[in-house]
Amino acid sequence: KNEVEQSPQNLTAQEGEFITINCSYSVGISALHWLQQHPGGGIVSLFMLSSGKKKHGRLIATINIQEKHSSLHITASHPRDSAVYICAVRSRDGGATNKLIFGTGTLLAVQP
Amino acid sequence: EPEVTQTPSHQVTQMGQEVILRCVPISNHLYFYWYRQILGQKVEFLVSFYNNEISEKSEIFDDQFSVERPDGSNFTLKIRSTKLEDSAMYFCASSPTLSLYGYTFGSGTRLTVV
């Protein structure tokens, strides 16, 4: 079983729609990272969360530590938001390494 | 904005050949990482490096792999004798501290073993 699960795996939306991507994890974590990966492969950091909620532009990320769940929301989606969105966690037992455990990603396609 | 730079962006190599993937982390970062992503699969941790030594490695990181920080700026991943299954995108990352603040990925090197 994957330690980090994302849903949905694929998501198609119309421009302007509100989008939610979910991440559940089974390990104790010290922090969670939402990342964006475009075709061609580069990974860009969107948010780092250890509690509560963060907002940056049209992106909102929330985390519920007790429920081991995080969501990434995109408001007023646009075709340029089309990408793979990845949830990655830093295990609380990560110790002196700071390694990330990745989810499988959500492929988002926003159609005009 | 500071970047993690990886070269080359794409490398094709024959099976059995040695390859060296290069990374220049952000200059004031102290922790360095290599990850890989086989096509269609999730990103997997390979190794972390701090204070000129490996701090953790995954079971993927066997004797065929090695890392080095030869000159205080570059951070390299060497695969000694490549196999077809080493074909993947390899990402370097660095962070200033033991937290996710400032954790930055490079744009990746796509390695194709033929």
Side-chain angles (χ1 to χ4, degrees), chain A residues 1-7 9-10 21 23-27 29-52 54 56 61 63 65 70 83-107, chain B residues 1-6 8-10 25-26 29-51 53-61 67 87-112:
Chain A
K1 186 182 185 303
N2 288 325
E3 293 165 295
V4 182
E5 298 273 4
Q6 286 185 236
S7 62
Q9 287 191 306
N10 294 281
I21 299 170
C23 174
S24 297
Y25 49 90
S26 57
V27 296
I29 70 167
S30 59
L32 180 144
H33 219 150
W34 279 104
L35 305 155
Q36 183 190 57
Q37 186 175 32
H38 277 283
I43 294 175
V44 174
S45 172
L46 298 174
F47 293 103
M48 194 281 291
L49 290 164
S50 52
S51 64
K54 285 191 177 178
H56 181 70
I63 189 167
I65 296 291
S70 176
V84 176
Y85 292 84
I86 305 172
C87 169
V89 302
R90 182 181 188 268
S91 167
R92 197 185 304 130
D93 297 325
T97 70
N98 214 23
K99 73 176 185 186
L100 292 175
I101 305 168
F102 282 73
T104 51
T106 295
L107 175 60
Chain B
E1 186 154 337
E3 287 183 344
V4 174
T5 305
Q6 288 188 244
S9 55
H10 191 182
I26 293 173
H29 285 192
L30 300 177
Y31 298 84
F32 314 111
Y33 319 89
W34 282 101
Y35 291 85
R36 81 168 185 193
Q37 185 180 33
I38 295 171
L39 187 65
Q41 298 186 21
K42 65 180 181 178
V43 178
E44 301 172 289
F45 170 76
L46 289 178
V47 66
S48 59
F49 192 86
Y50 169 71
N51 201 25
E53 60 183 26
I54 290 172
S55 43
E56 185 177 355
K57 59 184 181 180
S58 71
E59 57 191 31
I60 303 167
F61 194 88
V67 289
S87 296
M89 183 76 103
Y90 289 81
F91 291 101
C92 173
S94 68
S95 65
T97 64
L98 268 182
S99 80
L100 295 190
Y101 285 106
Y103 208 112
T104 306
F105 286 85
S107 53
T109 293
R110 183 167 298 284
L111 176 65
T112 303

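Every chain is numbered from 1 and lettered A, B, ... according to where its sequence line falls, protein lines coming before strand lines.
Residue B:T97 touches chain A through its backbone alone, counting heavy-atom pairs closer than 4.5 Å. At a 4.5 Å heavy-atom cutoff, the contact between A:T104 and chain B is made by backbone and side-chain atoms alike. Within the 4.5 angstrom heavy-atom criterion, no atom of B:Q41 approaches chain A.
Other residues, nucleotides and ligands contribute over 12 non-hydrogen atoms within 6.0 Å of the NZ atom of A:K54. Taking a 6.0 Å sphere around NE2 of B:H10, one finds it holds more than 12 heavy atoms contributed by other residues, nucleotides or ligands.
Using a 4.5 Å heavy-atom cutoff, the side chains of A:L100 and B:Y35 are in contact. Side-chain contact between A:Q37 and B:F91 is present, with at least one heavy-atom pair separated by less than 4.5 Å.
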Worksheet item: Does the pair A:F102 and B:F45 meet the rule for a ring pair (Phe, Tyr, Trp, His ring centres under 6.0 Å), with working shown?
Response: CA-CA 8 Å; A:F102 282 73; B:F45 170 76; 9.7 Å; no

Discussion item. For a side-chain contact (heavy atoms from CB on, under 4.5 Å) check, start with the C-alpha distance between A:I43 and B:V43, then their side-chain angles and the critical distance, and finish with the verdict.
Written reply: CA-CA 10 Å; A:I43 294 175; B:V43 178; 4.2 Å; yes

Practice prompt. Would you check, one step at a time, whether the test side-chain hydrogen bond (donor to acceptor under 3.5 Å, both in side chains) holds for A:N98 with B:Y50?
Written response: CA-CA 10 Å; A:N98 214 23; B:Y50 169 71; over 6 Å; no

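B:F49 pairs by the ring pair (Phe, Tyr, Trp, His ring centres under 6.0 Å) definition with B:F75, not counting sequence neighbours. Residues passing the side chain to side chain contact (heavy atoms under 4.5 Å, CB included) test with A:S24 are A:H69, sequence neighbours excluded.
With values rounded to the nearest 0.5 angstrom, B:Y103 atom OH is found 12.0 Å from A:M48 atom CE. Annotation: the span from B:S95 atom OG to A:R90 atom CZ amounts to 8.5 Å, rounded to 0.5 Å. Rounding to the nearest 0.5 Å gives a distance of 8.5 Å between CD1 of A:I101 and NZ of B:K42. Remark: B:S58 OG to A:K99 NZ distance equals 7.5 Å, nearest 0.5 Å.
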